Asker: 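Structure in structure tokens, see below.
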Amino acid sequence: MIDLSTQIASLRLQNPVLTASGTFGYAEEFADFYDLNRLGGVVTKTVTIEPRPGNAPPRICETPAGMLNSIGLPNVGVEQFIAEKWPFLSRLVNAVIINVAGKTPDDFVRAVERLDALDGIAAFELNYSCPNVKEGGLSFSSNPRVAEQVTAMVRKVTRRPLITKLTPNVTSISEIGRACEAAGADAVSAINTLVGMAIDIHSRKPRLASITGGLSGPAIRPVALAKVFELARVLRIPVIGIGGIQSAADALEFILAGAAALQIGTANFMNPGAALEVVEGLEHYCAGQKIARLMDLRGAVKLK
Amino acid sequence: MIDLSTQIASLRLQNPVLTASGTFGYAEEFADFYDLNRLGGVVTKTVTIEPRPGNAPPRICETPAGMLNSIGLPNVGVEQFIAEKWPFLSRLVNAVIINVAGKTPDDFVRAVERLDALDGIAAFELNYSCPNVKEGGLSFSSNPRVAEQVTAMVRKVTRRPLITKLTPNVTSISEIGRACEAAGADAVSAINTLVGMAIDIHSRKPRLASITGGLSGPAIRPVALAKVFELARVLRIPVIGIGGIQSAADALEFILAGAAALQIGTANFMNPGAALEVVEGLEHYCAGQKIARLMDLRGAVKLK
Amino acid sequence: MAADTFRLSFAAPAWAQTARAGQFVNIQMPQHGDLLWRRPFSVHDADSAHGTLDILFAAVGRGSRALSRCKPGDALDVLGLLGNSFTEPAEEEEVILVAGGLGVAPFMLLLRQLRHWPGKKTVFLGFRSSRQVCCAETLVQRGARIVLSSDDGSAGVRGLVTTALEDYLISRDARQKVLLYVCGPTPMLRSVRAVALQYHIPAQVTVENRMACGFGACVGCPVELAQPRPDGQKYLLACKDGPVFPLEEIVFND
Amino acid sequence: MAADTFRLSFAAPAWAQTARAGQFVNIQMPQHGDLLWRRPFSVHDADSAHGTLDILFAAVGRGSRALSRCKPGDALDVLGLLGNSFTEPAEEEEVILVAGGLGVAPFMLLLRQLRHWPGKKTVFLGFRSSRQVCCAETLVQRGARIVLSSDDGSAGVRGLVTTALEDYLISRDARQKVLLYVCGPTPMLRSVRAVALQYHIPAQVTVENRMACGFGACVGCPVELAQPRPDGQKYLLACKDGPVFPLEEIVFND
Ligand SMILES: Cc1cc2nc3c(=O)[nH]c(=O)nc-3n(C[C@H](O)[C@H](O)[C@H](O)COP(=O)(O)OP(=O)(O)OC[C@H]3O[C@@H](n4cnc5c(N)ncnc54)[C@H](O)[C@@H]3O)c2cc1C
Ligand SMILES: Cc1cc2nc3c(=O)[nH]c(=O)nc-3n(C[C@H](O)[C@H](O)[C@H](O)COP(=O)(O)OP(=O)(O)OC[C@H]3O[C@@H](n4cnc5c(N)ncnc54)[C@H](O)[C@@H]3O)c2cc1C
Ligand SMILES: Cc1cc2nc3c(=O)[nH]c(=O)nc-3n(C[C@H](O)[C@H](O)[C@H](O)COP(=O)(O)O)c2cc1C
Ligand SMILES: Cc1cc2nc3c(=O)[nH]c(=O)nc-3n(C[C@H](O)[C@H](O)[C@H](O)COP(=O)(O)O)c2cc1C
Ligand code: FES
Ligand code: FES
């Protein structure tokens, strides 16, 4: 038997493959494609304390080997999430990780506090890339002081594993990671999207109504891998790698760089079976290479 | 007659198309492909005060719609540059911009001071993405204080137009741009490469000997465009757009976002005629759209 | 076929039985390279006897041009069947199909579905010029009357398809119950919407938003509601709640 | 051809006159999509009468697989002729060509160039197994004696091509002047280098570094000098200073 399992704080995952927030809906959207319980777990679309309608269209555009999005975190709000989305999610037997965001630190606290009452949540992931209205719209993870403060506040209201999801749009992602670790985060996930833009030269308008948006997909994989490598070298808590992963080979790069788990994002759109294929591909690779425990490869990149 | 010309401080360019440093050698490498005087100008490979051998191989790797490099600024040093490379460059009639880097602020000053003696240099571009050994290896443009200091020091030794080339690997590129402007820079160019990494899962080694490297090519174009847009909105000095430009259509996106000129980098490798094709494409576009002055489009993106 | 227009038929026996007009498939482009997304195309026709599905498309960009070079026997990666479908007419006496250019695509299957429906079927077909015209004959074979128009007058009436439509609506007996089906470029949808509202004619539209996924996962394809819902909902998803919508309920901003 | 090995011939009348063995062309892959770079291939043969250039290549990855699907008449975007070439033997009595796998590619043209050269020509051809063997007959037609070896013994001698080479060098008359030409995978080059140094035989090697440009612009293809130059220079460029180098002057530090 090949052991694909991994550990994120107190949370044991049967395999390291998770789905990235905002690219897998509330999992129900993918239930027709395969048995969701084969994944390590799912991370939900971001939930906020109040419902949000999302941004005006156009919200997406294709770029070379990537895409831009400015979806705007549309969601039904915590209460309706509990009433409408949670029943399906709560029946999954693998890890269900709830991704939470807010406009203020207090929004994060209130959402997590309310959700913490639910049975069966495996962990919380805090989306720190969203704009913090208290700090002039800068993201919660663009400043170590703010990241530390929010993490500490949320830490007080839940004992569940807490994952902070970091933006790559900073000078030093490891400084932010360290601040989260110091404040009690159990893991970090990285990366969220890169700030990007595209213009339609015919209409002369930005291709997204929000002007700039978030770049994701294979195009950003090298950036994501560098950030994950950097974080894994300085943090004691586990790092969850995200960014342009399409295949088991891509996932292995992140594991070798030090990731304890992975999230599949944009790839789900082109290939709804992508996340399962990564699980199967990792299994197949271990079998072929006679690797008994996948996590033995974690951080095993040869630097000399 | 269509007017493609543009102005970078006191420097008038016949058209806004430059070649990006490190992707066009010392121009001689491209002389067989077309008449170099058709370009707006050329930016040389980085020159440093002392010769540098460059990094150990492998130095390059291909990524989705992009490439990683860690060339390491190999060059013959200022003196040999003047003896061996300058004679060819000095015969070009369009703008020749010398790109300079150093390990310390003083290296920049010494190199510019020495080169300033040459007749016919159109401008200097300071490569601020290289590691600053005085500040623990952080790049010169990852900290506004350092960027301001170096710019001010170089400003003292030359009256020629001074362009500072910024790294995108920062929380706020406009803060760095403002620091350069305050210290007397005549223009900024952006972006240099994004930090990225790739691992060969078979050998388990990084694909670059230097572990991480710089990501360039179409993959980064949306990031570059967002940075150029951000800079153009806050700076009074002109912004030169760089990043993944392959065609006149790409170049127009940067002009609409506010760029006063452009540099063609990675595209030169796949298509040695790329820069000239951008010039011709812009001309053709203006003719077709009946645009008399290309720079009327500068910053003309419609935001509402 | 018309200039740059292609019909592609592929084997899909199960879908050929169940496909309903308005539904679409999302196809990975051959040699997709740095094209990340699949490309959505309406089901143009479904032949349950032969077990094939057809799409009708214009080669407008890199993806569709690559698709147009497919040869018999090539494998395609198709995601389907996606989206909702047109509601068939009930007590109406006439259905009017309004197609701008390749907007005609879903109507071939709709007319197949309506072959036993007894009412009058009129198709307003607008093209840029005679070079683009397609499908007219087959639509006639499927029992429809065609009103052809073109921007340059080189085929049918000169002018916009909406002008032809409005002329027709003005001249008809206003007591007759009519149902509109509309598909085409956004400016056309906007005009037809105005006309439909003016004449109080119920209309169903298929929209063609850009799509990253096509099955509700990316939330990238919103369609704006004319009236936000009481709970604050401002958008529906083109791929999941649509692509068919009641025309009066949505708006086309930009 | 051998398994997964392809020969591609294209019209290039001017190059067919001037191409020298060792030079290469840099080809944009068809349907390159997100493959940014061109792919370099040695000139395999040049036929000045027909005005064609040949390359011989293995389908090992996305680019070369796409190239292998080219059909007669397809247009190719080829950059050439690039790089330096082999120096022809002067007063030597024998040339020995050592090829690992597709490393045989440039030797076809080299033997064409040497057709009037009077000395002895021996080619050591090593393949993984008999399925990979190619070019042997034509090389014989071009006047060479072939020593074939394969890793699994399914063709020629069992073992590495370097073992066969060393056996030969040991048994030959050490006073005879020999010149080595070498092309193949890096581990082989490393072994041949050791052998050449041991027996004091001058050798020329063609290297196959990864290349972004192929004409000296990216400085991405360094080859390490065994001895840094007095001015501190540690590297040469595979594409511009090479791809042919004196084997003793460079090292392969992976
Ligand atoms: C539900 C649905 C059904 C569709 N049915 C059909 C059909 O039956 N036949 C058909 O020909 N087309 C149909 N389309 C549109 C079709 O998907 C696009 O033409 C196709 O994606 C273009 O791909 P491309 O790579 O060739 O073009 P690209 O290179 O991606 O783009 C070329 C040009 O087309 C525009 N474009 C791209 N995608 C869309 C889109 N979805 N809507 C509007 N403009 C777009 C781009 O802005 C650009 O100007 C449908 C779209 C949807 C959402
Ligand atoms: C001067 C020169 C001459 C060459 N001549 C020939 C020739 O005559 N025939 C021939 O078959 N090949 C030759 N090559 C190698 C050829 O360029 C590669 O096989 C080709 O680039 C692979 O492209 P791909 O897209 O199929 O593979 P990729 O998908 O890019 O890579 C597939 C595998 O091949 C490896 N690889 C890719 N490029 C190279 C390279 N340049 N060197 C070593 N490994 C590589 C990758 O690491 C990977 O493991 C030559 C290379 C050079 C530099
Ligand atoms: C359409 C889209 C919507 C996203 N929505 C969210 C979200 O709601 N919350 C969040 O934390 N990240 C969100 N992300 C970011 C992804 O979770 C992921 O971090 C990023 O896309 C990089 O991974 P990828 O390249 O595999 O997509 C979204 C990404 C995309 C493409
Ligand atoms: C191989 C390579 C070498 C480079 N060398 C330099 C350099 O010496 N100095 C410099 O300022 N920028 C250098 N750059 C960065 C480019 O000038 C440019 O800023 C970057 O590649 C983004 O543009 P592109 O996507 O068009 O290549 C180099 C880039 C590449 C790909
Ligand atoms: S296209 Fe992804 S939700 Fe509609
Ligand atoms: S491949 Fe670019 S310099 Fe050699």
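To find a chain, count down the sequence lines: A is the first, B the second, and so on, and within it residues start at 1. Predicted, not measured: the structure shown is a model, and the values here were computed from it.
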Asker: Is any side-chain heavy atom of V192(C) less than 4.5 Å from a side-chain heavy atom of L247(C)?
Answerer: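 A side-chain contact under 4.5 Å exists here.
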
Asker: Aromatic contact between F124(A) and F108(A), with the criterion being ring centroids under 6.0 Å apart: yes or no?
Answerer: no

Asker: Contact part of P64(A) toward chain C, heavy-atom cut-off under 4.5 Å: side chain, backbone, both or neither?
Answerer: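 Backbone plus side chain of P64(A), per the 4.5 Å heavy-atom cut-off to chain C.
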
Asker: Between D107(A) and T104(A), is there a side-chain heavy-atom distance shorter than 4.5 Å?
Answerer: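 The answer is yes; the side chains approach within 4.5 Å.
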
Asker: Select all residues of residues 53-61 of chain C having any heavy atom within less than 4.5 Å of some heavy atom of chain A, and report them by number, or 'none'.
Answerer: none

Asker: When heavy-atom pairs shorter than 4.5 Å are enumerated against chain C, which of G66(A), P51(A), G25(A) gives the highest number?
Answerer: G66(A)

Asker: Using non-hydrogen atoms and a 4.5 Å limit, figure out which bit of A209(A) sits close to chain C: side chain, backbone, both or neither.
Answerer: neither

Asker: Does any non-hydrogen side-chain atom of V17(A) lie less than 4.5 Å from one of L282(A)?
Answerer: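 Side-chain contact under 4.5 Å: yes.
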
Asker: Determine the option with the most heavy-atom pairs under 4.5 angstrom with chain A, choosing from G232(C), G214(C), G216(C), G220(C).
Answerer: G220(C)

Asker: Applying ring pair (Phe, Tyr, Trp, His ring centres under 6.0 Å), run through F269(A) and F24(A) and close with a yes or a no.
Answerer: CA-CA 9 Å; F269(A) 302 153; F24(A) 209 69; 9.7 Å; no

Asker: After noting the C-alpha distance and the side-chain angles of Y26(A) and F88(A), does the key distance pass the ring pair (Phe, Tyr, Trp, His ring centres under 6.0 Å) rule?
Answerer: CA-CA 8 Å; Y26(A) 298 101; F88(A) 176 86; over 10 Å; no

Asker: When you measure from the centre of the six-membered ring of F6(C), is the NZ or CZ of R65(C) closer than 6.0 Å and no more than 45° off the axis?
Answerer: no

Asker: Is it the backbone or the side chain of D32(A) that comes under 4.5 Å from a heavy atom of chain C, or both, or neither?
Answerer: neither

Asker: Of the backbone (N, CA, C, O) and the side chain (C-beta and beyond), which part of N69(A) lies under 4.5 Å from a heavy atom of chain C, both, or neither?
Answerer: neither

Asker: Have T266(A) and S216(A) got a donor and an acceptor in their side chains that come within less than 3.5 Å?
Answerer: yes

Asker: Over 60° means perpendicular and under 30° means parallel, so tell me whether F33(A) and F215(C) are parallel, tilted or perpendicular.
Answerer: perpendicular

Asker: Which atoms of R39(C) come close to chain A, meaning under 4.5 Å heavy atom to heavy atom: side chain ones, backbone ones, both, or neither?
Answerer: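 Contact with chain A involves the side chain of R39(C) alone.
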
Asker: So which residue, A56(A), A267(A), G265(A), ends up with the most heavy-atom pairs under 4.5 Å with chain C?
Answerer: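 Ranked by heavy-atom pairs under 4.5 Å with chain C, first place is A56(A).
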
Asker: Do you know which of C61(A), P74(A), G72(A) has the most heavy-atom pairs under 4.5 Å to chain C?
Answerer: C61(A)

Asker: Would you say the ring centers of F41(C) and F24(C) fall short of 6.0 Å from each other?
Answerer: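 When the ring centroids of F41(C) and F24(C) are compared, they turn out to be at least 6.0 Å apart.
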
